[in-house]
Structures are given as structure tokens and as C-alpha cells.
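Data first, discussion second: the structure below is written as C-alpha cells.
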Amino acid sequence: GAVVSQHPSRVICKSGTSVKIECRSLDFQATTMFWYRQFPKQSLMLMATSNEGSKATYEQGVEKDKFLINHASLTLSTLTVTSAHPEDSSFYICSATSGEKLFFGSGTQLSVL
Amino acid sequence: QKEVEQNSGPLSVPEGAIASLNCTYSDRVSQSFFWYRQYSGKSPELIMSIYSNGDKEDGRFTAQLNKASQYVSLLIRDSQPSDSATYLCAGGGGSGTASKLTFGTGTRLQVTL
């Protein structure tokens, strides 16, 4: 299957700081990438759809000014959690479509102290 | 938003037995369905995709789809302890379209020795 690389895998930060998460498609071009969030023992919740060269489309209830998404190239999308707070602590996962299937990055566990 | 429902489990089966995981969905627009396996602290891994009514087999895995009953299942034959994980059912709109999947909450499978 296609490979989606995500970094960092784990980050611990202080409340009020910003954290950037990178998502790369390694062996294919992804015009569209997706960002999910998963709280413990809950399912994946789609946060936004990242489109190369255009603004991201956010799901209802997701603050676009807090979760900044940039999709500058066909292989890279970034999610920046601005002014992070403890309630933002979660597992963030990016994904990209290759053909008709969706592949996930390895995820980023964010812990905000 | 489409709704995908799964029994959270845990589903416990002995090693070597058949594990049967079930999923129902509420939106008839969903055309494509996917089963993902997620180990604790890891991102989901695609196991099977199914778009047409009937069965689809891949190794020890068989996916079954019944669009009239809005039901999709995953059978795991000769279950192994390494199959112990959470299995996520996901539905997407449009045949072969993997974008904007809606995930169930997942069923935790435990394969006992």
C-alpha cells in the first residue's frame, strides 16, 4: 500500500504554545489529505480536508483559526495547533487517498500540559 | 452526516476460531466500505475494502456487504493472538471513493490462547 509519513509521533508542550504536525505522501502525489482526531476509546473524527493549493475545508465545530492547515505541495500537508490547551490533547492522524483507498500516517500523540 | 455503528465489544474468541465483526450504517448513499485494524496507540491500517453486495475474500479475511440490509461484516478465520486489536468499519460516499469516510467507534477483538 501507499506510504504516508507523519511527524512527530509524540509531542509534549506547554499550554499556550503552538505545535506543527507534518504529513507527507512518500510514494505518490496527494491532492487531498485529511486530518483526523481521536480521543481515547473513541472513533476517528474528521477535522478537515486539506486541498493542495487552496484553503482547507473544516468540519462543523472545528475552529479553523486554531487548527491551521497548509497544503503547499502535492506531497506535504501541515497541521498547526495554535495556542494549544490541555483539551487539545489527543491523537492526531493524517491520511491521503491513493487510488480508491485511504491510507493513514502513523499519528501524532499530542499532550498539552 | 452518515452514521456507522459497531458494537464496541470486547469480542473474545479462542485462537483458531472465526471472529465475526459486524457493522451497520444508516445512510443508503454510502457506496464504499472499509475495514481498518488499529492497535493501541497506532494509526489505522487498511485490511479490506468492499463496494459490491456479496463476499470478498483476502487470505484469512472475508468482508460481506448487504446494501439492502445496510450491513457490512468482517470474518477473520483461524484467529491469532496478533489479530487482537480494534477493528474500525468505515463508509464513504460514491463507489470507490475513499474520501471523507465516516468511521464507527470500533470493535475491540481479543483472541485468547
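In this structure, the side chains of V4(B) and S43(A) stay at 4.5 Å or more apart for every pair of heavy atoms.
One finds the OG atom of S106(A) at 13.0 Å from the CD atom of E45(B) (value rounded to the nearest 0.5 Å).
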If you apply the rule side chain to side chain contact (heavy atoms under 4.5 Å, CB included), what do you find for L101(B) with L102(A), and how did you get there?
CA-CA 9 Å; L101(B) 297 183; L102(A) 186 69; 3.6 Å; yes
Could you give me the CA-CA distance, side-chain angles and deciding distance for L44(A) and Q38(B), then say whether side chain to side chain contact (heavy atoms under 4.5 Å, CB included) is met?
CA-CA 11 Å; L44(A) 282 75; Q38(B) 186 177 25; 4.2 Å; yes
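Counting non-hydrogen atoms of other residues, nucleotides and ligands closer than 6.0 Å to NZ of K56(B) gives a total above 12. A 6.0 Å sphere centred on CZ of R60(B) holds more than 12 heavy atoms belonging to other residues, nucleotides or ligands. Within a 6.0 Å radius of NZ in K66(A), more than 12 heavy atoms belonging to other residues, nucleotides or ligands are found.
Most heavy-atom pairs under 4.5 Å with chain B: of the set Q6(A), Q60(A), Q38(A), Q109(A), this distinction falls to Q38(A).
Contacts of Q6(B) with chain A are absent, with no heavy-atom separation under 4.5 Å from either backbone or side chain.
T105(B) places no side-chain N or O within donor-acceptor distance of the main-chain N or O of Q42(A), the cut-off being under 3.5 Å. A donor-acceptor distance shorter than 3.5 angstrom exists from the side chain of S43(B) to the backbone of G105(A), with no hydrogens or angles considered.
When hydrophobic clusters are built by joining Ile, Leu, Val, Met, Phe, Trp and Tyr residues whose side-chain heavy atoms come closer than 4.5 Å, directly or via intermediates, F103(A) is not grouped with M33(A). Under a hydrophobic-cluster definition in which Ile, Leu, Val, Met, Phe, Trp and Tyr are linked whenever side-chain heavy atoms come within less than 4.5 Å, directly or via other members, I69(A) and Y36(A) are assigned to different clusters. L76(A) and L74(A) fall into different hydrophobic clusters, where Ile, Leu, Val, Met, Phe, Trp and Tyr are joined by side-chain heavy atoms under 4.5 Å apart, directly or via other members.
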